[in-house]
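Scroll down for the structure; my scribbles are underneath it.
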Amino acid sequence: MLRRIDLRASDLAPAALVDVLPRATLDVEAAMAQVLPIIEDVRARGGAALRDLAERFDGVRPEHLRVPAQALAEALEGLDPQVREALELSIAHNRAGHTAQLPTERDTEILPGGHVRQRWVPVSRVGLYVPGGLAVYPSSVVMNVVAAQVAGVRSLAVASPPQQAFGGLPHPTILAACALLGVEEVYAVGGAQAVGMLAHGAAGEEGTPDGAQLCAPVDVVTGPGNIFVAAAKRAVMGRVGIDAEAGTTEIAVLADAGADPRYVAADLISQAEHDPAAASVLVTDSPDLADAVDAEIERQAAATTHAERVRTALSGPQSGTVLVTDLEQGIAVCDAYGAEHLEIQTADAAAVAERIRNAGAIFVGPYSPVPLGDYLAGSNHVLPTGGTARFASGLSVMAFLKPVQVIEYDAAALRKVAGPLRALAVSEDLPAHADAVDLRLA
């Protein structure tokens, strides 16, 4: 089912490796042509456009674009107790993991009387997107909301697609997760139109429960989604901050002959379950392990609930087994690939993990599978895809914090640097800069 790419006889540079490795093809630029009119329509017509677009893309015309408080309360009341307990555990673990990310403010005395202080200021308002589609993602509510709340953001809006089966509201489990987290502003809006609404704000539609102002604009938009959500985020970047252009999910497993093929196969299947376009890649120096994983995939995939989706993903060009000469080449391949999720199932896995530079999140050893990170590890599952882990990172409190430098010098400290400052200002032909200092010291 997994195609094979044999690199054992090659010695490719990182840039050349990128070209031969399996990868989902996402043409965000092409999708931009489709989402720009959608964003403009939302900006111009507000709630009316959002209802038209919901009817077009989601098959339902919501009565309530903003989810009523009663619907949130009812969803929480009707939540399966076991699911509630699991969500509460996920929230607690993620609060602990994200609290550890908070940076420390520092005051540095550059010279006596001259100080630079580093502050970290949360943005005022954020828009958090939770996808719908083939699965329900209350875990994405947790990942987005907890990171923003720990960062200190005071105003949060969550958007998730309206569901025909639930009267035009988002899935009840999504609503229940929002209620558990104390989020009161939730919208039944999906796709590129949700990103447009959050970035530009949206006026209400006359004759509906919306009111004059449906949604106020936000400062930052985060959350995973399909290629159209990614394209919409690119389109509004600059007007608002974004976390990343997250695309279809992907996993890479770096494994040696000692890895358990059952575990490797199960983890590749678990990501393929997300989407027919999901990418699952095995990197190994053991042809015997590759054969055993293939056999396990055939056995396990036949028994899994979403067998057809899994088979489509695993047999697609975005998935495959990469045979390497040794662990050194395997590490080079993984760094070139820059997986969203990278599992290390090798001898001395922790030491190998320390040598990886490019990955959204690294899962070390046989008992740290990716699904742990999806739900309960205490890490965030909103991660960079498509090789962007070379320069991007997963969602964290830093997506919602701004570093602000505070400079405070007294007269004596200013006098001490006045001469060098004048020399630099004059050298740049900006003498008024120096004059602004000298005036204070005259």
Side-chain angles (χ1 to χ4, degrees), residues 94-128 143-157 198-201 216-223 233-245 354 357-358 360 378-380 382-384 388-442:
N94 275 276
R95 283 206 193 284
H98 287 82
T99 298
Q101 297 172 352
L102 288 170
T104 303
E105 294 196 354
R106 298 178 65 94
D107 187 320
T108 303
E109 187 176 61
I110 305 298
L111 72 166
H115 292 254
V116 174
R117 181 160 59 94
Q118 182 70 66
R119 291 179 59 204
W120 293 93
V121 181
V123 298
S124 297
R125 176 169 165 78
V126 300
L128 311 173
M143 300 294 165
N144 276 281
V145 172
V146 168
Q149 288 178 337
V150 169
V153 177
R154 294 183 179 179
S155 178
L156 295 86
L198 294 168
H200 292 281
V218 303
D219 302 308
V220 172
V221 176
T222 72
K233 287 164 82 173
R234 180 180 293 185
V236 301
M237 183 172 57
R239 181 178 184 86
V240 296
I242 65 169
D243 52 345
E245 297 176 10
E354 288 300 311
R357 297 181 61 85
N358 302 331
S379 57
N380 203 295
V382 182
L383 300 166
T388 58
R390 290 182 299 105
F391 54 82
S393 58
L395 183 63
S396 72
V397 297
M398 301 305 293
F400 308 107
L401 291 171
K402 303 175 294 178
V404 177
Q405 292 184 321
V406 181
I407 298 93
E408 185 175 2
Y409 274 50
D410 62 19
L414 182 62
R415 187 178 301 278
K416 184 164 280 191
V417 299
L421 190 152
R422 170 165 285 280
L424 288 171
V426 171
S427 75
E428 294 186 352
D429 194 24
L430 297 171
H433 282 57
D435 294 343
V437 171
D438 293 345
L439 179 70
R440 289 166 163 79
L441 303 176

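All residue numbers in this chain count up from 1 along the given sequence.
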Going through the distances and angles, do Leu111 and Val417 end up as a side-chain contact (heavy atoms from CB on, under 4.5 Å)? CA-CA 10 Å; Leu111 72 166; Val417 299; 4.2 Å; yes
According to side-chain contact (heavy atoms from CB on, under 4.5 Å), who are the partners of [X], at least two apart in sequence or on a separate chain?
X: Pro403; answer: Gln118, Trp120
X: Ser124; answer: Asp219
X: Arg422; answer: Val426, Ala434, Asp435, Asp438
X: Arg117; answer: Glu105, Asp107, Arg119, Val406

How long is the gap from [atom1] on [X] to [atom2] on [Y], to the nearest 0.5 Å?
X: Gln149; Y: Arg95; atom1: CD; atom2: CZ; value: 4.5 Å
X: Ser396; Y: Met143; atom1: OG; atom2: CE; value: 13.0 Å
X: Leu128; Y: Leu156; atom1: CG; atom2: CG; value: 5.5 Å
X: Ile242; Y: Leu198; atom1: CD1; atom2: CG; value: 13.0 Å
X: Ser379; Y: Asn94; atom1: OG; atom2: CG; value: 7.0 Å

Residue set satisfying side-chain hydrogen bond (donor to acceptor under 3.5 Å, both in side chains) with Arg239, at least two apart, ordered chain then number -> His200
Partner residues of Ser155 under the side-chain hydrogen bond (donor to acceptor under 3.5 Å, both in side chains) criterion, sequence neighbours left out: Arg125
Within-4.5 Å side-chain heavy-atom neighbours: Pro103 and Met398: yes
Does Thr99 reach the side chain of Leu102, with side-chain heavy atoms less than 4.5 Å apart? yes
Going through the distances and angles, do Val116 and Ile407 end up as a side-chain contact (heavy atoms from CB on, under 4.5 Å)? CA-CA 5 Å; Val116 174; Ile407 298 93; 4.3 Å; yes
Quickly, which of Asp243, Asn380, Thr222 forms a side chain to side chain donor-acceptor pair (under 3.5 Å) with Asn144? Name it, please. Thr222
Salt bridge (charged side-chain N to carboxylate O under 4.0 Å, His left out): pairs with one or both residues in residues 396-421, sequence neighbours excluded: none
